[in-house]
Amino acid sequence: MNSTIMTEAAADLPEDSSTVRGTLAGTESQWQLIRRRFRQHRMARVSLYILILFAFCAVFANFLAPKDPLKVQARYTYAPPQGLHFIDRDENGDWSFRPHVYGYKVEVEPEALRRVFVIDPSKKIYLNWFVEGHEYKLLGLFPSNIHLFGPERKRDPLYLLGSDRLGRDMLSRLLLGTRISLSVGIVGVVLSLFFGVLIGGLAGFYGGWFDAVTQRTIEFLRSLPTIPLWMALASAMPSDWSPLRVYFVITLILSLLGWTELARVVRGRFLALKDEDYVAAALYDGASHIRVVMRHMVPAFTSHIITAASLAIPGMILAETALSFLGLGLQSPVVSWGVLLQEAQNIRVLATAPWLLAPGLAIVIAVLAMNFVGDGLRDAADPYAR
Amino acid sequence: MKHLNLHTPPERRLTVMALSIALLVAPGTSLLAADYQEAPQLAEQVKAGTLPPVEERLPENPFVLEPIESVGTYGGVWRSALKGTYDNGWIRRTVAYQPLVAFSLDWSEVVPNVAESFEVNDEATEFTFHLRKGHKWSDGEPFTAADIDFALNDIAKNPEYKGEKAPNFDWDNMTGEVIDETTYRITLERPDGLLIQRLASVDGPFLTFAPKHYCGQLVPSVNPDADKLAAERGFDSWSQALEKTCFTYFTDEKRPSLNAWQQATAYDGLNQIIEFERNPYFYKVDTAGNQLPYIDKATMLQSENVEDILLKVINGEVDFSNRHFATVTNKPVIYDSQESGNYRLTSTVDARMNHAILQLNLNNEDPVKRALYNERDFRVALSLATDREEIVDVIFAGQGKPFQAAPRPESPYYHEELATQYTEYDPDKANELLDGLGLTERNDDGIRLNSAGDPITIQLYTPSDQIEFNDMSQLIVNQWAEIGIQLDQRNVERSFVYERLHGNQHDMHIWWGDGGLGDALLDARYYFPFNRESAFALQWAQWFNNPDSEGGNEPSEPARKQMELYRELKASGDPAQQAEIFKQILDISAEQFWVIGTVLPAEGYMVVNKNLGNVPDSQPYAWLYPQPAPMGTSQLFYKN
Amino acid sequence: MTLYLVRRLVTMLLTLLALSVVVFVVIQLPPGDFITSYIARLSGSGETIDQAVIDTLRERYQMDAPILAQYWAWLKGMLHGEFGYSFEMKLPVAQIFSERIGISLAVELLAVVVMWAVAIPIGIYSAVRQYSIGDYFATVIGFFGLAVPNFLFALVLMYICYVWFGVTITGLFSPEYMNAKWSLDRFLDFVQHVWAPVLVIATAGTAQLVRVLRANLLDELNKPYVLTARAKGLEKRKVIMRYPVRVAMNPLVSTIGWVLPTVISSSFVTAIVLNLPTLSPILLRALLSQDMYLAGALILFMGVLTMIGTLISDLLLAWIDPRIRLGMVGAN
């Protein structure tokens, strides 16, 4: 996700960069170079596609979700995932392409207090495209009840990733959680990036009292141990706030603490760069401070900012899960990866329903992908690359 | 043997909870002093001369305990786990239940325990306890009536004492006197027919908990230099020192006790394992004359989270416990690992009659809400709109049945109408009732509007450490939405729930249905506005406990009638009469329908090491009856 | 340099004061106080407490005093070296602290050492051998450690050890050594247990260090002076170690001060899941039960650690990079 923002931003820039002094006609602009090099980085490219897929899932979560993620199904608590079959064989032994899953035989074991599910191959549940299901608003605007796919008969069980303790469809919940978790990460990082670069840059460039004040502020904020602070802030949040508001405030809290790290790194770099000859030259040349910073200094450590940002998004996502673990983060009915994992963090799930750990896998994949994209961008943006 | 039944013998099949008092439980056979045997380690110490012989350590008439299965053999360790620093409840449930009088295993009787016998007069105003001659504390000092007097007069009734003491006793009403070294008498100003049960409850050991020769040093009425001593030990006051040393925190392992195992490690939150070692002066023997306990040592690991405890359970590192981990959610895992963990499961009958009681705040500060919640039809409608079968299916894998806030079917106080009325799922009827209340207007979302024209929203805070409440509430949110009532449920820290509750700021409260078995009389919180836990009418409950108290409010007519009846009940020493009056109270509860119940809990379970002997197959589970202690845990032993 | 140091120390004291205010406010922020949470907990097990007792407790703990007076009393006590009394554990805070601090720091420092010991060689390797199999492998493993939430990793590790080896790996000692005095046997027992938390805590931080180091080193490696040095015939290993690595450590050093507090934070969750006898579970309990003096002192301690860390890293930064050192002196 981060990378899409970066590349979109990059797309606007070429005309502007052609006005940079010293750029020779016929050579590629900096951003063109970056794009070309980025394409050469295989892992980063694959990761970018994965992230685009995640983003797509996030935006169209409701459309993609086959079931209502909040709908409780008494008969199907802790139902294991059904295998998806594509080739159907009818009584005559003829083959056809028809995606389907098998139904369950459900038995209650009263002694063990659980339901036992056996896949029942005699009960075929065919899947159709664009079926009608629960109502939602597409992109938050257009009411609709069409879903990409779903069981032929609306009431048939369809649990491709299994169900949770209340019989809710894990796949649908995961899709919805993607939306919240990714946006927490991105919004949070954008905020911290903004504060971090601005404040850190100013402090590093001007030094003096501003630097001193910033340094002390950062030091102060950093010396506040994060988890107790989150706990206190989260429990102090008025309990009658809507879940959405809680979500935004939590993002804000996360980024309020996130900017300091970036600011400190940026400042350190500025301090070092300030005395470089080319910076001094630009200043003597009469360039404005803003221009010197944006044109000459920032590109010199873009790579570092990118690395830091690409590490910060997963940090935000993980912070959200940690808050949920402590029971302080987002709450149902809001579904995030953190909320889902929090519900899964017990021995019962590990022993009898490991499919509920799917959100953990989603987190790992997303974090890995973001890091590789960040890596690719870093390498591509490296001004000295061979 | 004089036997006094505390109430009418129930006609129902259950004899389980018929509570009676056995005034004299005499051991079947009297044993000669020479018959006594002791654990090998103690015998060695006697031989080495560091310990007096067993005959001198035991009282003249030791308590002879009839084993559940058989006479056992010495040895072994009983392992269990504690959660966090504040889990002394488990210690009190296992190794520290030695009250003067105790509940019998099946909770049907109050039997002598530390006291050899006791007498109650017919008016329930005079209680006389006869102690055992030669009974000793775990350090060998004599235990006499003066120790009880110390606990009652110097601690509980001492106005200078600013610390915790056993709750639910009316101390001002009690006067104690030492008759002689082994006889103690408590006299009451106002009769209390329930006192003897209270003394047998988990709070009862308070009177036998503080050795005068040890705790007395910290009390000015015994030791004039108590404050100085407290300061020397780093406390602000003698109250603080006494509370820490001699109340049920178990933070001072040196305090001598009457328990089967004497504490060896302080439960201070820092020690990771709390150990209890055999008390050489323990006053009970088995029928063969072996001094109890059989097991050498009880150890309790302090863990920070339940998942860790659960893992230890299924790995066979817990011998006899149900503390924290024995939940509905964990049952499948525990059930599956019986073989590999070398344990079996025994059953418990939960004294709680409900998995969740929903209490609308009838004393709500908002006049519109108050008026609405006080409409009986409104509460009935909510009850009818609750699909209890769905709750049972989803959350309890089909185990449990719909039930209101009423004594359990096993209880002698079972009241069928109260238990079963409005438990059926009938949204149409519920809608009809709401329409009948004039709540016909609805907003765009289909939520009914109240008399002020606002949508009816009931706010409910569920404590985040009780997952089942959260899950249940989520189901109920959807169910009530069907009849146009919005339940706004949030999961929050438990102390926040109580903050709101005690400020009377709640619309609705959710909690377990305590008081469903033998504890119904002692804890009647859901049957009428009774105590601080009666969240449906806190102000009325406050009025009941103290009509002059700030925040108290005069109750409605029926509630006041119930309170009068309860006072009448307490004044009676006759169990039959008590049961009769209690039925009248429940009649009014049924008529008023104060609170909404959900599901009757199915059987609970306990994890038991396969080699452990003398374990009851089934036992009531409650707090006032501190399961498993009333079984006499000193008789547990390992079969070879 | 001395002047700089003195000034830093003075500001540190002021920051500390500000920190104490914030900490006090923060622990007072959640609604309710220790008594409410105590009552709530009692109700949980079916217990009750009499109103009269509640009133005396409130009076004794001075719960109803104005917040400013409470703060002043707290601060005054701390200046006298009295950190207050834990309501919940009924022990002086200082005693709790001294009992647990050793083992807490041991686990955390061990995790830091492992993190650095693993991260620096891997970081250098994956920068020098960019895009090699080894680089990808280190990256994927590193990110995996970063991506798996601590609590989940710890829980899964616990469960796997139970299923595969039939052991419970929680805690830092076997039951027989829990209350024992330190001895060789106890130490060996400790070593047998400590790997699990160190593994969980270190995996979370290592990736971050590797990434930062690799990125910085790549920046430096491609600079002309490296080429010059190589062209002059210096051995590759020598060149890399002597110049680029040193420069690349710069941003890393500026975070060295935060490593310990970060580790403390991440060990917070791990310690609870793995049931470690460190300060973390005590802090969590104190926060939940609003045991304010205990929570306050522990948070303040974590703050002090961070400040010392920042100071160290600033000094190191000046030492490692002469340009900053000179710039700094000039500014003064």
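All values below come from the heavy atoms of this structure, side chains included, with hydrogens, waters and symmetry mates left out. By convention in this document, chain letters (A, B, ...) are assigned in the order of the sequence lines, proteins followed by strands, and residues within each chain are numbered from 1. Everything numeric in this text was worked out from a predicted model, so none of it was measured.
When heavy atoms are compared at a cutoff of 4.5 Å, Thr299(B) does not approach chain C at all. For Leu501(B), no part lies under 4.5 angstrom from a heavy atom of chain C. Heavy atoms of Ser201(B) lying under 4.5 Å from chain C are absent altogether. Contacts between Thr85(B) and chain C at a heavy-atom distance below 4.5 Å involve backbone atoms as well as side-chain atoms. In this structure, no portion of Leu284(C) lies under 4.5 Å from any heavy atom of chain B. For Tyr161(B), no part sits under 4.5 Å from any heavy atom of chain C, backbone or side chain. Heavy atoms of Leu270(B) lying under 4.5 Å from chain C belong to its backbone as well as its side chain. Heavy atoms closer than 4.5 Å to chain B are found in the side chain of Leu91(C), but not in its backbone. There is no contact between Gln542(B) and chain C, counting heavy-atom distances below 4.5 Å. The contact between Phe235(B) and chain C is made entirely by side chain atoms (from C-beta outward), counting heavy-atom distances below 4.5 Å. For Ala622(B), no part lies near chain C; criterion is any non-hydrogen pair under 4.5 Å.
You'll find the side chain of Thr251(B) stays beyond 4.5 Å of the side chain of Met89(C), heavy atoms only. Put simply, the side chain of Met178(C) does not reach to within 4.5 Å of the side chain of Asn271(B), judged on heavy atoms.
Rounding to the nearest 0.5 Å places OG of Ser303(B) at 11.0 Å from CD1 of Ile272(C). Separating the CG atom in Asn179(C) from the CD1 atom in Ile274(B) is a distance of 7.0 Å, to the nearest 0.5 Å. Annotation: the span from Lys312(B) atom NZ to Met158(C) atom CE amounts to 7.5 Å, rounded to 0.5 Å.
Residues from residues 182-198 of chain C never place a non-hydrogen atom less than 4.5 Å from a non-hydrogen atom of chain B.
Other residues, nucleotides and ligands place no more than 12 heavy atoms under 6.0 Å from the NZ atom of Lys83(B). Dense packing is recorded around OH of Tyr71(C), with more than 12 heavy atoms of other residues, nucleotides or ligands lying under 6.0 Å away. The local environment of CG in Leu68(C) is sparse, with at most 12 non-hydrogen atoms from other residues, nucleotides or ligands closer than 6.0 Å. Atom CG of Leu110(C) has more than 12 heavy atoms from other residues, nucleotides or ligands within 6.0 Å.
Of the listed residues Glu243(B), Glu307(B), Arg79(B), the one with more heavy-atom pairs under 4.5 angstrom with chain C than any other is Glu243(B). In terms of heavy-atom pairs under 4.5 angstrom with chain B, the leader among Arg100(C), Glu99(C), Arg285(C), Gln95(C) is Arg285(C). Per-residue counts of heavy-atom pairs under 4.5 Å with chain B were compared for Tyr38(C), Phe173(C), Tyr159(C); the largest is that of Tyr38(C). Interface summary for chain C: among Ile314(B), Thr265(B), Leu301(B), Val497(B), the most heavy-atom pairs under 4.5 angstrom belong to Ile314(B). Most heavy-atom pairs under 4.5 Å with chain C, from the set Asn531(B), Asp203(B), Ile273(B): that is Ile273(B).
Every residue two or more places apart in sequence or in another chain that forms a side chain to side chain contact (heavy atoms under 4.5 Å, CB included) with Asn315(B) is listed here: Glu317(B), Tyr162(C), Thr168(C). Among residues two or more places apart in sequence or in another chain, the side-chain hydrogen bond (donor to acceptor under 3.5 Å, both in side chains) test is passed with Ser80(B) by Trp90(B). A search for ring pair (Phe, Tyr, Trp, His ring centres under 6.0 Å) contacts involving Phe301(C) returns Phe97(C), not counting sequence neighbours.
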For Thr170(C) and Glu304(B), run side-chain contact (heavy atoms from CB on, under 4.5 Å): C-alpha distance rounded to whole Å, both residues' side-chain angles, the deciding distance at 0.1 Å, then the answer.
CA-CA 10 Å; Thr170(C) 52; Glu304(B) 296 303 331; over 6 Å; no

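With hydrogens and angles ignored, the 3.5 Å screen pairs no side-chain donor or acceptor of Asn275(C) with any backbone N or O of Asn305(B).
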